[in-house]
*Asks:* 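The structure is given below, and queries will be raised subsequently.
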Amino acid sequence: MTTLTGTGIGLGVAAGPVARMADPLPAPADEPSALSPDAERERAHTALEAVARELEARGEKAGGLAQEVLEAQAMMAEDPSLADEIDARTTTGKTAERAVHEAFGSFRETLQAMGGYLGERAADLDDVAGRVIARLRGVPAPGVPDPGHPFVLVARDLAPADTALLDLDNVLALVTTDGGPTSHTAILAREKSIVAVVGAAGATALVDGETVIVDAAAGAVITQPSADQLADATRRAADRAAAASAPPTPGALADGTAVPLLANLGKPGDADAARALGAEGVGLFRTEFLFLNAEKAPSVAAQRAEYETLLAGFCGMKVVVRLLDAGADKPLAFLNDADEENPALGVRGLRALRAHEQVLRDQLTALAEADEATRGRGQGADLWVMAPMVATVDEAQYITDLAHEHGIRTAGVMVEIPAAALLADRMLAVTDFASIGTNDLTQYTMAADRVLGSVASYQDPWHPAVLRLVGEVGAAGRAQSTPVGICGEAAADPLLALVLVGLGATTLSMAPAALADVRALLAQHTLDDARRAAEAALAATDAAAARAAARAAASRTTAA
Ligand code: PEP
Ligand code: MG
């Protein structure tokens, strides 16, 4: 038996046979073919057709959105102008593999040059080309394998296109060799409650078919497990499934300290699912998700309708709505008009709203009206409104005053910029609450772009520098009796959630699928335990050491 270590996502455990995701194929060499041009042409056409049929069959099996994506890919494989491009190359003596590679490559460049939606389809074209070339070579197609039975997927990392097509009924667990806790794989695993260990470098040695235990709670992948270990893993998985299907209880520590567990949402229609998972309200409603494709600012009436649905969906509960957060990873055409070299450091969030104050005023009006209308119908929620990307005390004062002026009772700020955390005592003195966005707070503290894979290892909210900033805000909140929530991905990591409570967070908001694991872990520890785990993490010198120190402190307290 050997144990490979990585970062566990959630607390799940699963066991099963490995199926590896094949690496991308190397480009076929540009060498003259030993076959006739007609023979190469025939090979190419047969492979293209077989891939088109295979994609259609997979689409039929998957249904829904995946079917649309796969059918569009099947059409790419049968595109007559692509076939012409391929034929033109086999005629000159190139192999079918090389002709496919070059023809798809030139289409890819054309699509990319078009930009926008079509540009994004370039990756789909690569996927089809890879499948056709793999078939010509008689090797497994790159991408997610389909061994025909449940499996533990082992990959370097998963691209968004891979995750969209994952057959969740068959994937028992995910193991990646690369990627950290904010990688695409980790986010998917949290969202869909898939057992996962990411960044397990040793997993490169795993082979197809071997049985492993993936223990996310321990951040470990166990190879060649004993019968006892397998039985233990199966029992733990069954216990967890039973706990997840039990009616959810409000979030609380073992000593009874309440820690309300809220949902991060982007659509009012997700309310029922979030409540079913035990969300005690909404801690972050991302309003920009409603208007990502809008060319012009939404009207008060259009916004009001959306907000009324949201508030009615959480009648009697707390609902924290974030004002439009435009810019960088979430651009909005009607708010981000400048061409900036560093949009993450530009006119974004509250800065963009201030520069378009009528848009801001309209949104506050729509929210206040929706609040009043739903209350009038007896469907009201406890509406809180907060501004994104607040950097200065002046901005905190501005947005709080403006929101109150529009009839919003509770107005607060997001703490996502280190300056806001460092001056939290002064920030909180002029506003009603703070909510820490750990995704951006980590990005700005570590100077690591949150969407750039090559710096993903810096994007770790466990870093003691990030935790120290969270502690500043928590301490200010305690001193002034001002609520301090957490609404970044960090709150979805059960152990980190405990540490955040120890640092002073009073509520935690996360993707609804993460609620059960966080609830379960909090229930095992007291507030004193949380504070001890926080102290241990703060005393570490890097993210991995902070995680390990908190885990050790928490396991001592669980055992006690
Ligand atoms: C954050 O930055 O942590 C946050 C919650 O906001 P978003 O992820 O939408 O930027
Ligand atoms: Mg943010």
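We count ligands from 1, going down the list as the structure has it; atoms in each ligand are counted the same way. Both backbone and side-chain heavy atoms feed into the values below; hydrogens, waters and symmetry mates do not.
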*Asks:* Taking distance alone, with no angle check, do Arg286 and ligand 1 share an N/O pair under 3.5 Å?
*Replies:*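 Indeed, backbone or side chain, Arg286 has an N or O that close.
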*Asks:* Would Glu308 and Arg304 pass as an ion pair if we require N to O under 4.0 Å?
*Replies:*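 Looking at Glu308 and Arg304, the cut-off is met.
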*Asks:* Could you see which bit of Lys330 sits under 4.0 Å from ligand 1, with heavy atoms only: side chain, backbone, both or neither?
*Replies:*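 Side chain only; the backbone of Lys330 stays clear of ligand 1.
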*Asks:* Using a strict cut-off of 4.0 Å, indicate which atoms of ligand 1 neighbour a heavy atom of Cys487.
*Replies:*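 Every atom of ligand 1 under 4.0 Å from some heavy atom of Cys487: 5 (C).
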*Asks:* Where is the nearest protein heavy atom to atom 6 (O) of ligand 1: which residue, which atom, and how far?
*Replies:*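 Ranked first by proximity to atom 6 (O) of ligand 1 is Arg322 NH1, 3.0 Å.
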*Asks:* Are Leu261 and Val518 packed together at the side-chain level, in the sense that at least one heavy-atom pair is separated by less than 4.5 angstrom?
*Replies:*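 The answer is yes, as the side chains (C-beta and beyond) meet within the 4.5 Å cut-off.
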*Asks:* Using the test salt bridge (charged side-chain N to carboxylate O under 4.0 Å, His left out), find all partners of Arg286 that sit at least two apart in sequence or belong to another chain.
*Replies:*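 If we apply the salt bridge (charged side-chain N to carboxylate O under 4.0 Å, His left out) test to Arg286, skipping adjacent residues, there are no hits.
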*Asks:* Taking the basic N atoms (NZ, or NE/NH1/NH2) and the acidic carboxylate oxygens, is any pair closer than 4.0 Å for Arg240 and Asp517?
*Replies:*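 Between Asp517 and Arg240 there is a salt bridge, with a charged N closer than 4.0 Å to a carboxylate O.
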*Asks:* Any atom of ligand 1 sitting under 4.0 Å from a heavy atom of Arg450?
*Replies:*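 Judged by the 4.0 Å heavy-atom criterion, Arg450 does count as contacting ligand 1.
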*Asks:* Check the Mg ion (ligand 2) and write out every protein N, O or S atom at under 2.8 Å, as residue and atom.
*Replies:*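 Per the 2.8 Å query on the Mg ion (ligand 2), atoms found are Glu416 OE2, Asp440 OD2.
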*Asks:* Salt bridge check: are Arg409 and Asp382 linked by an N-O gap of less than 4.0 Å?
*Replies:*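 Judged by the 4.0 Å cut-off on N to carboxylate O distance, Arg409 and Asp382 do not form a salt bridge.
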*Asks:* Should the pair Arg354 and Tyr398 be classed as cation-pi, given the thresholds of under 6.0 Å to the six-membered ring centre and 45° from the axis?
*Replies:*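 Yes - Arg354 lies over the ring of Tyr398, closer than 6.0 Å to its centre and within 45° of its axis.
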*Asks:* Pick, from Asn264, Ile436, Asn439, the option with the minimum heavy-atom distance to atom 4 (C) of ligand 1.
*Replies:*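 It is Asn439 whose heavy atom sits nearest to atom 4 (C) of ligand 1.
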*Asks:* Is any side-chain N of the basic residue among Glu489 and Arg190 closer than 4.0 Å to the acidic one's carboxylate O?
*Replies:*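 Here Glu489 pairs with Arg190 in a salt bridge, since their nearest N and O are under 4.0 Å apart.
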*Asks:* Salt-bridged, Glu405 to Arg361, with N to O below 4.0 Å?
*Replies:*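 Result for this pair is yes, salt bridge flagged.
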*Asks:* Indicate the atoms forming the closest heavy-atom contact of Cys487 with Gly283, along with that distance.
*Replies:*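 It is CB-O, 4.2 Å.
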*Asks:* Taking only heavy atoms of Leu284, which atoms of ligand 1 are found under 4.0 Å from at least one of them?
*Replies:*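 Near Leu284, the atoms of ligand 1 are 5 (C).
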